[in-house]
Enquirer: 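Dropping a structure here in structure tokens format, bear with me for questions.
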Amino acid sequence: TLLAKIINIQGFNTKYYSNLSASNHKRVISTNCPRGTIFDRNGKELATDLPTFDLYISPSSIKDIDSFTEILTSCVTFDKVKLKKILSEKDSNDESYLIKSNLSNEEIARFNELSFKLKGATIKESYKRYYPNGETLAHVLGYTGIVSEDELNDYKNLTLDERVGKFGIEKYYENLLHGEKGKIVQIVSANGKVLDEMEEKPSKKGENIFLTIDLNLQKKVEEVIGDNYGTGIIVDTKKGEVLACASNPSFDPNIFSKDITPQVWQALNKKRAFFNIAIQGVYPPGSTFKSLISLYALSKNVINTETKYFCGGSLNVKGMEEKYKCWVYPSSHGWLNLKDAIKYSCDIFFYQLAKDLKIEDFLEFAIKFGGITRKTGIDLPYENEGFLGSPNWKKKYIGDEWFDGDSMNLGIGQGYILVTPLQMAKLYLKIANGGKELIPHLLLKTESNKTFNDFNASKENDYSIEKKYDEILIDYLKGVTEIGGTAYGLNIDGVKVAAKTGTAEGPNGEHLWL
């Protein structure tokens with residue numbers, strides 16, 4: 001019987017038992033890959049990877065869960081109940097699972113001392129994301145975290161222990177930044193000691209990328225905002241490159257390189273630290289919207305450069321005598337043409353102009369030319385598209401007709417309209433370029449010299465105007481910074497500045513737009 005068994009093993013099933021034997025002492029370990037580094041336009045580091053060590057466990061190798069839990073938690077700070085739950089719920093296969101990232105030197109030393117008792121636990125070299133400028137640029141850069149099961153459907157060939165971008169540029173350009181994992185084959189003894197090690201496949205770092213951001217300019221914008229709730233955006237008018245994009249309140253993305261407590265997470269959420277006002281906040285644009293109405297009125301011959309309206313400080317609208325007042329009330333502007341109405345930002349002028357418009361035609365212009373209710377196309381996730389009401393919308397959702405007063409409110413950028421700050425920045429970007437469509441963007445180039453346009457098809461204007469009307473408006477906007485204009489503070493010797501001020505009020509009288 002014994003002889004027959006030996007013949008069966010060595011003669012007929014040699015390959016099967018050889019493979020089984022090899023699997024007992026050969027262990028394949030995947031090696032993590034560093035993400036690509038993110039630089040500003042001048043080569044200053046904005047996000048990079050630093051080496052660290054992570055703890056993995058293989059449930060199939062753990063025979064006594066209670067004993068294993070006691071020993072491991074004496075080495076590494078980890079909740080015992082949580083660890084037992086993980087061990088009992090995981091499938092009994094050869095797959096290893098990430099338990100804790102970014103181990104301290106003390107934890108690594110204690111683990112190595114007791115590793116002979118911890119068969120099934122392994123420490124692997126890994127990486128953590130580091131943002132050298134802390135809170136600066138946090139909403140643009142975003143942060144990384146361990147991939148969720150739902151996110152595995154969005155990315156190819158990833159495992160549950162890999163980091164992916166969760167927010168900002170880190171998320172938008174995940175496929176560029178990620179890199180490829182490598183493989184190491186270890187020869188181990190029966191008690192788990194590593195006897196030999198060879199690299200089967202080297203890991204590949206993700207691609208480095210350069211942003212359009214100027215870090216020094218970004219810091220200056222954030223300094224100007226200070227502790228106020230708000231945003232500031234600077235865009236190159238010739239290329240659409242975003243040079244600075246700040247939002248406050250902010251957060252330090254380095255907190256996600258280690259375990260974040262529920263208390264910290266809740267505190268940041270409570271103050272809306274993760275909310276990027278530049279692309280997610282929606283507000284009535286106030287008088288900044290008057291430029292769009294002016295372009296429409298000129299291009300449709302509703303008015304010309306000589307047309308005048310009278311500002312007596314308020315409009316006598318029956319039953320609403322107190323509503324339609326100019327911002328200078330009880331003073332007044334008298335008779336004004338469009339140039340002066342823009343310079344002094346006269347509300348009465350634009351109330352009357354908006355009343356004379358074909359509202360449906362103007363709303364189409366606002367959407368197709370002005371980009372209202374359209375995402376700008378910036379290379380950031382979670383952009384808001386804003387809102388613009390219409391007679392049909394009001395009838396359907398409010399159950400009331402569209403009145404002249406609704407058009408008049410729209411004339412000064414209030415009423416049924418909400419836009420993001422970046423949407424208004426894009427509108428003025430278009431005005432500055434004679435009506436040419438430019439997408440504000442953050443990617444300057446990749447390590448392989450691909451640019452934003454290589455990843456995003458250019459869009460043709462589907463609604464254009466004659467360039468002369470755009471030139472007239474730009475000339476009028478320069479008047480805003482001249483003596484008597486509402487932005488005279490921007491008057492700079494030797495430099496012509498075109499600008500438009502705007503103040504929108506919230507339901508409690510607070511200023512939402514300046």
Side-chain angles (χ1 to χ4, degrees), residues 233-243 285 287-309 336-346 349-350 353-354 356-378 388 410-411 413 419 422-441 452-453 456-482 485-487 490 492 495-502:
I233 307 164
I234 299 177
V235 187
D236 183 318
T237 57
K238 299 303 179 186
K239 300 177 181 179
E241 296 174 356
V242 179
L243 303 177
S287 293
T288 59
F289 195 66
K290 292 173 181 175
S291 295
L292 187 61
I293 289 180
S294 300
L295 271 179
Y296 171 81
L298 288 171
S299 64
K300 295 294 183 178
N301 295 316
V302 177
I303 61 172
N304 57 43
T305 56
E306 303 303 318
T307 302
K308 291 185 177 182
Y309 288 103
L336 306 95
N337 57 19
L338 181 61
K339 181 176 183 178
D340 288 337
I342 290 176
K343 180 175 182 176
Y344 305 126
S345 199
C346 177
F349 184 98
F350 285 96
L353 174 56
D356 292 341
L357 302 179
K358 293 179 180 178
I359 189 60
E360 293 284 12
D361 196 21
F362 170 68
L363 294 175
E364 181 184 14
F365 179 84
I367 294 169
K368 292 186 175 181
F369 180 86
I372 309 303
T373 73
R374 288 184 170 187
K375 294 179 180 181
T376 67
I378 190 171
L388 182 63
L410 204 57
V419 298
L422 189 65
Q423 282 177 323
M424 291 307 292
K426 185 180 180 182
L427 169 60
Y428 280 84
L429 182 64
K430 193 169 188 176
I431 292 170
N433 280 279
K436 180 183 178 182
E437 186 87 15
L438 286 178
I439 301 175
H441 58 275
F452 174 79
N453 291 330
N456 297 270
S458 60
K459 296 179 181 178
E460 295 294 328
N461 291 348
D462 56 2
Y463 200 120
S464 59
I465 61 171
E466 290 185 53
K467 192 174 181 179
K468 65 178 181 180
Y469 298 119
D470 192 80
E471 291 172 345
I472 290 171
L473 177 61
I474 291 175
D475 182 57
Y476 290 177
L477 292 174
K478 289 177 182 177
V480 175
T481 63
E482 295 173 354
T486 55
L490 295 177
I492 304 171
V495 179
K496 281 288 186 180
V497 179
K500 183 68 196 80
T501 54

Enquirer: Are Leu357 and Phe365 close enough that some pair of their side-chain heavy atoms sits under 4.5 Å apart?
Expert: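 Contact flag for Leu357/Phe365 side chains = no.
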Enquirer: Report yes or no: does Thr376 contribute a side-chain atom to a donor-acceptor pair with the main-chain N or O of Leu422 at less than 3.5 Å?
Expert: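 Absent.
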Enquirer: Do you know which two heavy atoms are closest between Ala432 and Ile474, and how far apart they sit?
Expert: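 Closest pair (atom of Ala432, atom of Ile474, distance): CA-CD1, 4.2 Å.
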Enquirer: Nearest heavy-atom pair of Ser345 and Thr486: which atoms, and what distance?
Expert: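 The answer is CB-CG2, 4.0 Å.
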Enquirer: State the CG-NZ distance between Leu438 and Lys426, to the nearest 0.5 angstrom.
Expert: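 The distance works out to 8.5 Å.
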Enquirer: Got a sec, which residues hit side chain to side chain donor-acceptor pair (under 3.5 Å) with Tyr428, two or more places apart in sequence or on another chain?
Expert: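 If we apply the side chain to side chain donor-acceptor pair (under 3.5 Å) test to Tyr428, skipping adjacent residues, the hits are Ser291.
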Enquirer: Taking side chain to side chain donor-acceptor pair (under 3.5 Å) as the test, write out the residues that go with Asp475, two or more places apart.
Expert: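 Here no residue qualifies.
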Enquirer: Is the backbone N or O of Phe369 less than 3.5 Å from a side-chain atom of Lys430, with the two atoms forming a donor-acceptor pair by type?
Expert: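 Answer holds: yes.
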Enquirer: Just to verify, what does Phe350 make a ring-ring contact (aromatic ring centres under 6.0 Å, His included) with, not counting sequence neighbours?
Expert: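 With sequence neighbours excluded, Phe350 shows a ring-ring contact (aromatic ring centres under 6.0 Å, His included) to no residue whatsoever.
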Enquirer: Who passes side chain to side chain donor-acceptor pair (under 3.5 Å) against Lys496, sequence neighbours left out?
Expert: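 If we apply the side chain to side chain donor-acceptor pair (under 3.5 Å) test to Lys496, skipping adjacent residues, the hits are Glu482.
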Enquirer: Would you name the heavy atoms of Leu473 and Leu295 that are closest together and state the gap between them?
Expert: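 Result for this residue pair: CD2-CG, 3.5 Å.
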Enquirer: Tell me, please, which residues at least two apart from Tyr476 pass ring-ring contact (aromatic ring centres under 6.0 Å, His included).
Expert: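 For Tyr476 there are no ring-ring contact (aromatic ring centres under 6.0 Å, His included) partners, ignoring immediate neighbours.
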Enquirer: Could you pull out all residues at least two apart from Leu427 that satisfy side-chain contact (heavy atoms from CB on, under 4.5 Å)?
Expert: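 By the side-chain contact (heavy atoms from CB on, under 4.5 Å) rule, Leu427 matches Leu292, Met424, Ile431.
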Enquirer: Could you list the donor-acceptor pairs under 3.5 angstrom formed by side chains in residues 336-343, with sequence neighbours left out?
Expert:
from   : atom 1 : to     : atom 2 : distance (Å)
Asn337 : OD1    : Lys339 : N      : 3.3
Asn337 : OD1    : Asp340 : N      : 3.0
Lys343 : NZ     : Ile483 : O      : 3.0

Enquirer: Can you see which heavy atom on Gly411 is nearest to which on Lys290, and at what distance?
Expert: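 Shortest heavy-atom separation between Gly411 and Lys290 comes out as O-CG, 3.7 Å.
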Enquirer: Who pairs with Glu364 by side chain to side chain donor-acceptor pair (under 3.5 Å), at least two apart in sequence or on another chain?
Expert: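 So Glu364 forms a side chain to side chain donor-acceptor pair (under 3.5 Å) with Lys368.
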Enquirer: In chain order, what residues pass the side-chain contact (heavy atoms from CB on, under 4.5 Å) check against Lys468, with sequence neighbours excluded?
Expert: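 So Lys468 forms a side-chain contact (heavy atoms from CB on, under 4.5 Å) with Glu466.
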Enquirer: Distance from Leu477 atom CG to Lys500 atom NZ, nearest 0.5 Å?
Expert: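 With rounding to 0.5 Å, CG (Leu477) is 8.0 Å from NZ (Lys500).
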Enquirer: Quick one: closest heavy-atom pair of Asp470 and Gly434, and the distance?
Expert: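 Heavy atoms only, the tightest pair is OD2-CA, 3.1 Å.
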Enquirer: Apply side-chain contact (heavy atoms from CB on, under 4.5 Å) to Asn453 and list each qualifying residue two or more places apart in sequence or on a separate chain.
Expert: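 Here the qualifying residues are Thr451.
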Enquirer: With heavy-atom distances below 4.5 Å as the criterion, would you say the side chains of Leu353 and Thr307 are in contact?
Expert: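 The answer is no, as the side chains (C-beta and beyond) never meet within the 4.5 Å cut-off.
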Enquirer: Using ring-ring contact (aromatic ring centres under 6.0 Å, His included) as the criterion, list what pairs up with Tyr344, not counting sequence neighbours.
Expert: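 ring-ring contact (aromatic ring centres under 6.0 Å, His included) list for Tyr344, sorted by chain: His333.
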Enquirer: So, taking the atom named CG in Leu298 and the one named CG in Asn304, what distance separates them when rounded to the nearest 0.5 Å?
Expert: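 Rounded to the nearest 0.5 Å, the CG-CG separation comes out at 8.0 Å.
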Enquirer: For the residue pair Phe362 and Phe289, does the interplanar ring angle fall in the parallel (under 30°), tilted (30 to 60°) or perpendicular (over 60°) class?
Expert: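 Phe362 vs Phe289 ring planes: perpendicular.
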Enquirer: Working to the nearest 0.5 angstrom, can you tell me the gap between Ile367 CD1 and Thr373 OG1?
Expert: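 OG1 of Thr373 is found 4.0 Å from CD1 of Ile367.
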Enquirer: Side chain of Asn433, backbone of Thr237: donor and acceptor closer than 3.5 Å?
Expert: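 Yes; judged by distance alone, with no hydrogens or angles, the pair exists.
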Enquirer: Go through Leu388 and Leu410 one step at a time and tell me if the side chain to side chain contact (heavy atoms under 4.5 Å, CB included) criterion holds.
Expert: CA-CA 10 Å; Leu388 182 63; Leu410 204 57; 4.0 Å; yes
Enquirer: Looking at every non-hydrogen atom in both residues, tell me the closest pair between Leu490 and Ala499 and how far apart they are.
Expert: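 For Leu490 versus Ala499, the nearest heavy atoms are CD1-CB, 3.9 Å.
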Enquirer: Output the distance between atom NE2 (His441) and atom CG (Asp236), rounded to the nearest 0.5 Å.
Expert: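 Going from the NE2 atom of His441 to the CG atom of Asp236 covers 8.5 Å.
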Enquirer: What residues form a side-chain contact (heavy atoms from CB on, under 4.5 Å) with Lys300, not counting sequence neighbours?
Expert: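 In terms of side-chain contact (heavy atoms from CB on, under 4.5 Å), with neighbours along the sequence ignored, Lys300 is linked to Tyr296, Val302, Asp361, Tyr463.
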